[in-house]
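Worksheet for the structure shown next.
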Amino acid sequence: MKVDRFKKEIADIVSREFDRLLSDLKVSEPELYVFKPDLLYKRIGTPKNPEMGTYALPLFELAKKVKSNLIEICQKLVESLNAAVEKDKRYSHLSFSAVGGFCNIKVKNETLAETVLTDILNKGEDYGSSDLGQKKKIVIDFSSPNIAKPFGVGHLRSTAIGAALHRVYDKLGYEPVGINHLGDWGTQFGKLIVAQRLWGDEAGEDDPIKRLFNLYVRYHKEEEEDPSLSEKAREAFKALEDGEQDEAELWMNFREVSLDSFRELYSRLNVLPLFYELDKYGESFYNDKMDAAVNRLKDAGLTKISDGALIIDLKKYNLPACLLVKADGATLYATRDIAGILYRWETFRFEKALYVVGSAQKDHFKQVFKVIELLEEAENTPHDERISPRLEHVEFGWIRFKDQAMSTRKGNIIFLEEVLDKATALAREMILEKNPDLKDIDRTAEMIGVGAVIFADLSTRKHIDVNFDWKAVLSFEGETGPYLQYTHARLCSLLRKYGKTIPADIKYSVLDRPEETRVLELLYKFPHVISETAETNEPYYISLYLFELASAFNKVYQRKDDSGRIIKIISDDKSATSARMALVKSMQIVIREGLVLLGIEAPEEM
RNA sequence: GCCCCCGUAGCUCAGUUGGAUAGAGCAACGGUUUCCUAAACCGUGGGCCGCAGGUUCAAUUCCUGCCGGGGGUACCA
C-alpha cells in the first residue's frame with residue numbers, strides 16, 4: 001500500500017491534538033480511533049464536493065462515543081488544529097475547517113503543486129513506479145485461447161486484463177511471468193481431426209483459421225444428425241493421446257496455424273512481449289506431468305474411485321467432487337491445472353499466481369485450489385512454503401452478444417480481428433476528415449482503433465457481464481480510448497508549441513484555480529491508483545482514473561474568463577506560462593504512462 | 001434443489017470498502033471556435049439506488065427474506 005504523505009501528516013497531527021484536547025478521555029476510551037494515527041489514516045476520505053477541501057474526516061462516531069455535541073467538538077478540534085499548524089512549520093500547508101460533522105482539510109495549493117509537479121518532472125515515466133515487489137515473481141495465467149478456433153472478442157477480456165496486470169506488477173517492482181495456457185489439448189481435437197478427414201477438401205476459405213472454424217461448426221451441426229460422429233471423435237483423440245503419427249501431424253498443423261495467427265493478433269494488442277515462451281505452456285505441455293501429480297494426490301490419501309472415475313471428494317467444503325481421471329482413463333482440465341500449479345511452483349517459486357479466467361470457472365478454481373490446500377495439509381508442508389495461499393482466480397464476466405452467450409460451437413462469434421479492423425478503418429476515416437495532413441495516417445489509425453477496443457473492454461468492472469455493443473466499441477467520443485489519446489495529443493501539441501524545456505524555478509502559486517487544483521490532486525493520486533489496481537487486480541481503476549484526469553485537464557484547457565474568452569495555457573505572462581507548462585508536461589507523462597499500462601499507445605498527433 | 005454474481009437516469013456504467021445535495025459517458029435539446037487539435041468544452045431535461053424488513057448518529061453501500069436476470073452444479077474447457 002502506497003502511503004499518502006499528506007494523509008499521514010493529517011492523521012499524525014489530528015491524533016496529537018486529540019491527545020491533548022481529550023486527554024482525560026483517553027483513559028475511559030483508549031480504543032477510540034482518533035487517538036491512533038493508523039486508524040485515523042483509514043478514516044480520512046475525500047469530500048463529495050472538492051471545493052470543501054482535499055480531505056475530510058467525519059466525526060459523528062466520535063461525538064457519539066464521548067457523548068458531546070457534534071458541532072461543538074468539531075469546532076473545537078478545528079480551532080486547536082489551526083492553532084497547532086500555525087506553530088508547527090512542518091504542517092503549515094494544512095488548514096482545517098468545520099462543516100456539519102466533518103472536519104475538512106485543505107492542502108495549500110502551492111505545496112501540492114510543488115510536491116506533485118517536481119516529483120513527476122524528476123521521475124518522468126518512472127512516476128508511480130516502486131520497488132515494492134522486490135523482484136518477486138507473479139505468475140499471470142491469461143488470454144489462453146483455444147487452438148484451432150478463432151480468437152473471439154470473448155478472449156479479449158482475459159488478454160487485456162491479464163496484460164494490464166502484468167504491466168502494473170512490473171511497474172511495482174515485481175517480476176511478472178505471463179503464461180498463456182493455450183487450449184491445445186482435449187476432445188475438441190478429436191472432433192477437428194474427424195472433420196478434417198471428412199470435409200477438409202471441401203472447406204474452401206483461404207484463411208486457415210477460418211477454415212478450421214468452419215470445420216468445427218460443421219462438425220457440431222452434423223453431429224446432431226449423426227451421433228456416431230462423437231464416437232469417432234473420441235477415438236481420434238485417443239489415438240492422438242496414444243501418439244499415433246497421423247493424428248499427431250494433424251494436431252501439430254492445427255497448432256502452428258493457430259499460433260501464427262495468435263502472434264499477429266497479440267502483436268496488434270501490444271501484448272506479445274508479455275508472454276513467457278508463448279508456445280510452450282499450453283495444456284499439452286502437462287501431458288507427461290499429470291501422472292506424477294495424480295500419484296502424489298493418491299499417496300496423500302485424498303483420492304477415491306467413484307463410478308469408475310478417480311475423484312477427490314470435496315463435499316465437506318460445499319464443492320462438487322474434483323474429477324481427476326475419467327472412467328476411460330483420460331484426464332481432465334482440472335488434472336492439467338493441478339499439474340500446472342505444481343510445475344509452476346517448482347519452476348518459478350512465485351509470490352502469487354493469478355488466473356485471469358472467466359467467472360464461469362469459479363467453482364473449478366475453488367476445487368483446484370482446495371485440492372492443493374488439502375495436499376499441502378496432508379504432506380505437512382511448512383506454512384511459508386505453501387502454494388495454496390498464493391493462488392488467486394481473477395475472474396471476470398462474460399461478453400455477451402445481443403443477450404446471448406457467444407458460442408464457438410454454434411458459430412455465433414465475433415472475431416476480434418474483425419473488430420480491430422473495423423475500429424481502425426473508422427479511425428482512419430476520422431483522421432482523413434479532421435487531420436488529413438497527418439504524417440503516419442495508417443499507423444495512427446491502428447493505434448486509435450486498437451486503443452478504442454481495449455479501452456472499451458477495460459472500462460467496466462471486470463466481474464460484471466458485458467454486452468458487446470458495436471456502437472460503444474466504435475465510439476470515439478466521451479469515455480473512450482480515443483478521448484484519452486486525443487487529450488494526450490493535445491498536450492503534446494502544447495509542448496511542441498512551447499518549444500522550450502520547463503524552467504526549474506517555477507512560481508507554483510499561480511496554479512490556484514479550482515480546475516488546476518483538481519488536476520494536481522489527480523496527478524498526486526496516480527501512484528495510489530496503481531497500487532490499488534495491484535491490490536484488487538482490477539485494471540479498470542486505471543481506466544476510470546485516466547478518464548477523470550483527462551476530463552479535468554480539458555476543463556483547464558478550455559476554461560474562460562469573465563468575458564467569455566479562453567484563458568490560454570501559453571501566454572505573454574511568463575511565470576504563469578511556465579507553471580502551466582509544468583502542469584502540461586506532468587499531465588502528458590502521467591496520461592501516457594497510464595495508457596501504456598492499459599496496453600494503449602499514445603500518439604503525439606492525431 | 002443448492003452455490004456464486006448482478007439489479008442505480010431512456011441506454012452503458014461509476015459511486016473511493018458506512019458519510020455531506022447519488023455522479024459520468026451515450027442518446028435528446030441549446031450554446032461555445034477571427035481556432036494552444038471542437039475526437040473538446042459549457043448548459044438543460046431525465047432517479048421509489050429491484051421490493052420489504054433489520055443494524056447504525058448515518059445505508060446505494062452491511063445483514064435477512066422476496067422478486068427479476070445471468071452463471072455453476074463430476075466424466076467438455
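Chain identifiers are assigned alphabetically (A, B, ...) following the order of the sequence lines, protein sequences preceding nucleic acid strands; residue numbering begins at 1 within each chain. Everything numeric in this text was worked out from a predicted model, so none of it was measured.
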P58(A) vs G308(A), nearer the 5' end of RNA chain B by closest nucleotide: P58(A)
Rounded distance (Å) that lies between atom P of A38(B) and atom CG of N554(A): 9 Å
Sugar-phosphate only, base, or nothing, as touched by D328(A) at under 4.0 Å among non-hydrogen atoms: nothing
Nucleotide of G15(B), C41(B), G19(B) approaching Q558(A) most closely (side-chain heavy atoms): C41(B)
d(CD1, I567(A); C1', C35(B)) in whole Å: 17 Å
Centroid separation H393(A) to F369(A) less than 6.0 Å: no
Touch class at under 4.0 angstrom, heavy-atom based, for L426(A) against every strand present: nothing
Pairing pattern in dot-bracket form [Watson-Crick, G-U; both distances under 3.5 Å; | = partner strand] for RNA chain B: (((((((..((((.....[...)))).(((((.......))))).....(((((..]....))))))))))))....
Length of the line joining L57(A):CG and G18(B):P, which is rounded to integer Å: 16 Å
Touch class at under 4.0 angstrom, heavy-atom based, for E61(A) against every strand present: base
Among C41(B), G19(B), C26(B), the nucleotide that comes nearest once only the side chain of E477(A) is considered: C26(B)
Stacking check F547(A) vs G25(B) (5.5 Å / 30 deg): no
Distance test, side-chain N/O of R559(A) to OP1/OP2 of C42(B), below 4.0 Å: no
Rounded distance in Å between the C1' positions of G46(B) and U33(B): 29 Å
Under 4.0 Å protein heavy-atom contact, by nucleotide of nucleotides 3-14 of chain B - B base, S sugar-phosphate only: SSSS------SS
Touch class at under 4.0 angstrom, heavy-atom based, for S306(A) against every strand present: base
Distance below 4.0 Å between R234(A) side-chain N/O and C76(B) OP1 or OP2: no
Donor-acceptor contact present, side-chain T303(A) to main-chain L310(A), <3.5 Å: no
Nearest-Å distance for atom pair NZ/P, residues K42(A) and G19(B): 16 Å
Atom-to-atom span, CZ of F151(A) to C1' of A77(B) - whole angstrom: 16 Å
Under-4.0 Å side-chain N/O to phosphate OP1/OP2 contact, K555(A) with C42(B): yes
Parallel, tilted or perpendicular: rings of F262(A) and F151(A) (30°, 60°): perpendicular
Nucleotide G25(B), atom P - distance to CZ of F455(A) in whole Å: 13 Å
Interatomic distance, L314(A) CG vs G72(B) C1' [rounded to whole Å]: 15 Å
Anti versus syn assignment for U56(B), with syn defined as within 90° of 0: anti
Nearest-angstrom distance, P atom, G10(B) to C36(B): 41 Å
Touch class at under 4.0 angstrom, heavy-atom based, for I566(A) against every strand present: base
Sugar-phosphate, base or nothing in reach of A63(A), heavy atoms under 4.0 Å: nothing
Nearest-nucleotide pick for N146(A), side chain only, options being U73(B), G19(B), A77(B): A77(B)
Y483(A) ring over A40(B) six-membered base ring, under 5.5 Å and 30°: no
Sidechain-backbone polar pair: S284(A) side chain, W185(A) backbone, donor-acceptor under 3.5 Å: no
For atom NE2 of H393(A) and atom P of G72(B), their distance in whole Å: 13 Å
Listed nucleotide nearest any side-chain atom of Y333(A), set C41(B), A77(B), C35(B): A77(B)
Touch class at under 4.0 angstrom, heavy-atom based, for Q361(A) against every strand present: base
Between G54(B) and G68(B) - P atom distance, rounded Å: 24 Å
Exam field: side chain W251(A) to backbone D184(A), donor-acceptor pair closer than 3.5 Å: yes
Backbone of K315(A) reached by a side-chain donor or acceptor of D313(A) within 3.5 Å: yes
Close aromatic pair by centroid cut-off 6.0 Å: Y483(A) and F455(A): no
